[in-house]
Amino acid sequence: QVQLVESGGGLVQAGGSLRLSCAASGSIFSINAMNWYRQAPGNERELVASINSGSVTKYADSVKGRFTISRDNAKIAVYLLMNSLKPEDTAVYYCNGLFTTAQAMGVRRSYWGQGTQVTVSS
């Protein structure tokens, strides 16, 4: 019954910024990591940013220096601040979480949101 819901997507001009939010709900016992993926039409889904339980962050080379991932442990939420957006950043962005639930102690599962559209115009 874990759910992830993204918000904050939209249309922005190149060079602009957007802040994506993802809120998790359900009986989450522990958080291993939270991630942002994206998928453009005709392309494979790719990992763009991640943050683990120790708040260590990682970024894809294509977004490093422009995107910032952060989390709010109390709210089980993750955010993606996207600066200096480029048309190539246009994609559906998906929130992903690696969680252990109270119903399955010690079992880590991957959960996905429905995605939010980000369109960057020239």
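Values in this document were obtained by computation on a predicted structure and should not be read as measured data. Residues take their numbers from the sequence shown, with the count starting at 1.
Looking at Q3, its side chain never comes within 3.5 Å of a backbone N or O of S25 through a donor-acceptor pair. Using modelled atom types, no side-chain atom of Q117 and backbone atom of G10 make a donor-acceptor pair closer than 3.5 Å. Remark: side-chain polar atoms of T116 are paired, donor with acceptor, to backbone N or O of G9 under 3.5 angstrom.
In this structure, L18 and V118 have side chains that are in contact, with non-hydrogen atoms separated by less than 4.5 Å. Looking at Q103 and S27, their side chains come closer than 4.5 Å, going by heavy atoms from C-beta outward. Residues T57 and S50 fail the side-chain proximity criterion, which asks for heavy atoms closer than 4.5 Å. Using a 4.5 Å heavy-atom cutoff, the side chains of N52 and N32 are not in contact. You'll find the side chain of T119 stays beyond 4.5 Å of the side chain of V12, heavy atoms only. Considering only heavy atoms from C-beta on, Y59 comes within 4.5 Å of T68 through its side chain.
By the ring-ring contact (aromatic ring centres under 6.0 Å, His included) test, Y93 pairs with no residue at all, sequence neighbours left out. Every residue meeting the side-chain contact (heavy atoms from CB on, under 4.5 Å) condition with S30, not counting sequence neighbours, appears here in chain and number order: T100. Evaluation of the salt bridge (charged side-chain N to carboxylate O under 4.0 Å, His left out) rule for K64 yields D61 as partners, not counting sequence neighbours. The ring-ring contact (aromatic ring centres under 6.0 Å, His included) search around Y111 returns F99, not counting sequence neighbours. With sequence neighbours excluded, the residues forming a side chain to side chain donor-acceptor pair (under 3.5 Å) with Q39 are R45, listed by chain and number. In this structure, S70 has no side chain to side chain donor-acceptor pair (under 3.5 Å) partners at least two apart in sequence or on a different chain. Residues meeting the ring-ring contact (aromatic ring centres under 6.0 Å, His included) test with Y37, sequence neighbours left out: W112.
When all heavy atoms of L4 and C22 are compared, the closest pair comes out as CB-SG, 3.9 Å. Minimum interatomic distance between M34 and C95 (heavy atoms only, all atoms of both residues): CE-SG, 4.2 Å.
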Show me the side-chain donor-acceptor pairs of residues 78-88 shorter than 3.5 Å, one per line, residues at least two apart or across chains.
from	atom 1	to	atom 2	distance (Å)
N83	OD1	S17	OG	2.7

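In the hydrophobic clustering of ILVMFWY residues, with side-chain heavy atoms under 4.5 Å counting as a link, V92 and L47 come out together. W36 is not connected to Y94 by any chain of hydrophobic side-chain contacts under 4.5 Å among Ile, Leu, Val, Met, Phe, Trp and Tyr, and they are in different clusters. If you chain together hydrophobic residues whose side chains sit under 4.5 Å apart, I51 and L98 never meet in one group.
Pairs of residues two or more places apart, or lying in two chains, that qualify as salt bridge (Lys or Arg N to Asp or Glu O under 4.0 Å) and include a residue from residues 18-40 are R38-E46, R38-D89. Among residues at least two apart or in separate chains, there is no salt bridge (Lys or Arg N to Asp or Glu O under 4.0 Å) pair with a member in residues 67-77. Under the salt bridge (Lys or Arg N to Asp or Glu O under 4.0 Å) criterion, no residue pair touches residues 90-107, with sequence neighbours excluded.
Cluster note: V56 groups with no other residue, as no ILVMFWY side-chain heavy atom lies under 4.5 Å from it.
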